[in-house]
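These notes are about the structure you will find just below.
Throughout, a chain's letter reflects where its sequence line sits, starting with A, and its residues are numbered from 1.
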Amino acid sequence: MRLSRYFLPVLKETPADAQIASHRLMLRAGMIKQSSAGIYSWLPLGYKVLKRIEQIVHEEQARAGHIPMLMPTLQSADLWKESGRYDAYGPEMLRIKDRHERDMLYGPTNEEMVTDIFRSHVGSYKDLPLTLYHIQWKFRDEIRPRFGVMRGREFLMKDGYNFDLTKEDALHAYNRHLVSYLRTYERMGLQAIPMRADSGPIGGDDTHEFLVLAETGESEVFYDSEITDLKFGDRQIDYDSVDQCQAVLEEFTSRYARTDETHDEALFNAIPEERRRTARGIEVGQIFYFGTKYSDAMGAVVADRDGTRVPVHMGSHGIGVSRLVGALIEANHDDNGIIWPEGVTPFHCGIVNLKQGDAEADGACESLYAALTVLGLEPLYDDREERAGAKFATMDLIGLPWRITVGPRGLKNGVVELTSRRTGTSEEMPPEAAVAKIADIYAGVL
RNA sequence: CGGGGCGUGGCGCAGCCUGGUAGCGCGACGGUUUUGGGUACCGUAGGUCGUAGGUUCGAAUCCUAUCGCCCCGACCA
C-alpha cells in the first residue's frame, strides 16, 4: 500500500477522552473512531489488525477441529425465555422490539441459539463430539463503557460451543480449548495466563480466564512467578488425544494463578514468598464447562448407544477479538507509539523514502515495494511529500515492526537502512539483503 | 446506577466568575523553503459557542430543562 493512497488519519495531538495508552494510540494512529459510547468504527488500519487476529483465531480453531459458522447478531427473545436467561441477564442485554412488537435482542452471547440449532439437527451420539464456533459482533449494554475497544458495548468475539455425550468428553473439549487458546495467544505475540475464574451469568463449575498482564488491566491478579516461564512453543499436540491435552492443562494450571474474584489468600501464601506476584491483567478469553444447563432447559438430547435420550454436555469458550487489539497495544508500545508483534502487524514493513521526488530514491523504493510484494508481504510505502521526521514519526506511531529507510546518501553507497521498531537498532545493507532479511523474519510467522 | 466533570472551527484549548454577538495552538488549503527525526515563513478557508426554553436593550457567558460524552465507584469478553 502506498500511504499517499491510503486512508490513515493520524492525529498529532491526543484526544482528551482517551485515558489509557491503547485507546490513545488507536485514536492517534487512525485505527478507530468513536461513534457513540462504547461503539467504534474500525478505520482501515484498525480493521486490518482486527482481521489479522481473526485469521489467527480461525486457523487455530481449524487446527483443533472446531467448525466455523455464523449466527445472527439479532435474536428472538423466545429462545432466551426458554433458557430462563431473558429475565436473568438483566439490563446488560439490549432489548429491541420489531415492527410487530416482537421481543428481540442484540445477542450478548449465543448459547441459546446454538443449542437450538443443535437440537434441530442432531439426534444421535454418532454425531458427537461437535464443536461449533463463530466470530460475530456482540452487544452488552455496559453501564459504563471505557478504555476504548477494551470495554466497548459492541465488541467482536469468537465464541464456541462444544456438544459431547458425556462429562468426560466435554472436559476433554474443555482441555482442548485451553491448549488451542494458549497457542492462539502465543501466535499473536501475547502471553495469556489461564487463571481460575468465576462463571458469572454463563453458569457452570469449571472455568478459566486467560489474562494478559498489563498495568492498565482491570482485574487484579495473583500468581506464582513460575507460570510466566511457561511457553507453549512449537510443540505438536494431537488435539484428539485426551492425555496430551490433559497434560498441557495440568502444566499450565497447576501453579497458583487467580484473579481477585477467586483469590485465596491462604493458598497464595503457601507459595514461596519470592515467587508471589500481584499484578493487573486484561481478560482476553474464557472457557467454561457447564454440563447440561442449557441442554436440560432447551431439550438438547441425543440417543445414546442404548437408544436412551440423554441431554448433551456442553461448554462454551470465548476470545475477545476486538479487545485483543487493545490488549496487544497495552502490552506492546512505547512513548512513540505502537509496536506490533509480527503475527498481527497490519503491514509487514514500512518503506520510508527520505527524499520524495529524487529519481534514485523513488526508484529504489519502488523496487523494494515490488520485491516485498512478490514475496507475499505487504509493505506500507510512505511516498508522501513530507519531511523525513514526519515520516519517521508516523511509522513509529502506527508501529510496523520493521522499517526500511531509503535516501540518496545511503543509495550512493548502495545501502538502505533496516530498523527494528522494537529495539530501535538500525543496520545498513543492500536493498536485496533487506528484502531477504524481512522475508526471513516472516517465514516463521506467516 | 451513585458521585464528579465536560460539551466553543477537523483536533487540543482559552473566553464564562465580573453579559456588550469569539480567540489561540495544531491540522487543512495555496505559496516559498528541498529539507535524513513532526522545518520555517507568508497567505487563505473554516465556528456563531450540544439542543430547547427563559431572564435581559443585549447571552458562549446568568437560570431551567434536555441530549451527548468523559472520569471515580459498584458490574462485565
* Structure fact -> Sorted by number, residues from residues 411-429 of chain A placing a heavy atom under 4.0 Å from RNA chain B are none
All N/O pairs under 3.5 Å across the protein-nucleotides 2-11 of chain B interface:
unit_1 : atom_1 : unit_2  : atom_2 : d
B:C11  : O2     : A:Glu13 : OE1    : 3.1

* Asked: Under a 3.5 Å cut-off for both distances, is B:A14 Watson-Crick or wobble paired, and to whom?
  -> none
* Structure fact -> Between CG of A:Leu354 and P of B:G37 the distance, given in whole Å, is 9 Å
* Asked: Rounding to the closest angstrom, what is the interatomic distance between B:A60 and B:U21 at atom P?
  -> 10 Å
* Once you round it to whole Å, what is the distance between C1' of B:G27 and CD of A:Glu386? -> 11 Å
* Listed partners of A:Asp440 passing salt bridge (charged side-chain N to carboxylate O under 4.0 Å, His left out), at least two apart -> none
* To do: Please check the phosphate of B:G27 (OP1 and OP2 only) for any side-chain N or O of A:Lys12 closer than 4.0 Å.
  => yes
* Asked: Can A:Asp159 and A:His317 be counted as having a side-chain donor-acceptor contact under 3.5 angstrom?
  -> no
* Asked: Quick one: A:His23 NE2 to B:C71 C1', roughly how many Å, whole number?
  -> 13 Å
* A:Glu385 CD - B:U33 C1' separation (whole Å) -> 14 Å
* Kindly compute the distance separating CD (A:Glu360) from CG (A:Leu411), expressed to the nearest 0.5 Å. => 5.5 Å
* Rounded off to whole Å, could you give me the CG-to-C1' distance for the A:Asp335 and B:G37 pair? => 15 Å
* If you measure from the P atom in B:G25 to the same atom in B:C70, how many Å do you get, rounded? -> 30 Å
* Mind checking side-chain hydrogen bond (donor to acceptor under 3.5 Å, both in side chains) for A:Thr259 and listing every partner two or more places apart, or none if nothing turns up? => none
* Paired with B:G9 by Watson-Crick or G-U wobble geometry, both distances under 3.5 Å: which nucleotide is it? -> none
* Asked: Nearest-Å distance, CD1 (A:Ile143) to C1' (B:C1)?
  -> 6 Å
* Please identify each residue that fulfils side-chain hydrogen bond (donor to acceptor under 3.5 Å, both in side chains) with A:Glu432, with sequence neighbours left out. => none
* In whole Å, what separates the C1' atom of B:U39 from that of B:G46? -> 25 Å
* **Distance, rounded to the nearest Å, where A:Glu218 contributes CD and B:A74 contributes C1'** => 13 Å
* Asked: For B:U39, does either OP1 or OP2 sit under 4.0 Å from a side-chain N or O belonging to A:Arg387?
  -> no
* Asked: What residues, two or more places apart in sequence or in another chain, satisfy side chain to side chain contact (heavy atoms under 4.5 Å, CB included) together with A:Glu54?
  -> A:Lys51, A:His58, A:Ile135, A:Leu156
* **Donor-acceptor pair between A:Glu60 and A:Ser180 side chains, under 3.5 angstrom** => no
* What is the base-pairing partner of B:U56, counting Watson-Crick and G-U wobble geometry with both distances under 3.5 Å? -> none
* Asked: When the ring planes of A:His23 and A:Tyr40 are compared, do they come out parallel, tilted or perpendicular, using 30° and 60° as the limits?
  -> perpendicular
* Listed in order of residue number, which residues of residues 71-79 of chain A have a non-hydrogen atom at under 4.0 Å from RNA chain B? -> none
* Asked: If we call it a pair only when both distances are under 3.5 Å in a Watson-Crick or G-U wobble match, what pairs with B:U35?
  -> none
* Polar contact flag, side-chain donor to acceptor under 3.5 angstrom, A:Thr207-A:Gln286 -> yes
* Can you tell which of B:G38, B:G73, B:G37 lies closest to the side chain of A:Asp396? -> B:G37
* Asked: Does B:G47 pair with anything, Watson-Crick or G-U wobble, both distances under 3.5 Å, and if so, with which nucleotide?
  -> none
* To do: Rounded to whole angstrom, note down the C1' distance from B:U18 over to B:C75.
  => 45 Å
* To do: Rounded to the nearest angstrom, tell me the gap between atom CD in A:Glu142 and atom C1' in B:C1.
  => 14 Å
* Just wondering, are more than 12 heavy atoms of other shown residues or ligands nearer than 6.0 Å to NZ in A:Lys33? -> no
* Structure fact -> Hits for side chain to side chain contact (heavy atoms under 4.5 Å, CB included) against A:Ala279, two or more places apart or cross-chain, chain-then-number order -> A:Leu213, A:Val221, A:Tyr223
* Structure fact -> Taking a pair to mean Watson-Crick or G-U wobble geometry with both distances below 3.5 Å, B:G27 pairs with none
* Structure fact -> Of B:U35, B:C71, B:G37, the nucleotide closest to the side chain of A:Lys355 is B:U35
* To do: Apply side chain to side chain contact (heavy atoms under 4.5 Å, CB included) to A:Glu154 and list each qualifying residue two or more places apart in sequence or on a separate chain.
  => A:Ile39, A:Tyr106, A:Trp137, A:Phe139
* Asked: With sequence neighbours excluded, what pairs up with A:Glu220 under the side chain to side chain contact (heavy atoms under 4.5 Å, CB included) test?
  -> A:Phe222, A:Asp260, A:Thr278, A:Arg280
* List for me each residue that meets side-chain hydrogen bond (donor to acceptor under 3.5 Å, both in side chains) alongside A:Thr405, sequence neighbours excluded, and say none if there are none. => A:Arg403
* To do: With A:Arg95 as the cation and A:Tyr89 as the aromatic partner, state whether NZ or CZ is under 6.0 Å from the six-membered ring centre and within 45° of the axis.
  => no
* **Plane angle bin for A:Phe268 and A:His263 - parallel if under 30°, tilted between 30 and 60°, otherwise perpendicular** => perpendicular
* Going by number, which of residues 26-41 of chain A have a non-hydrogen atom under 4.0 Å from RNA chain B? -> A:Arg28, A:Gln34, A:Ser36, A:Ala37
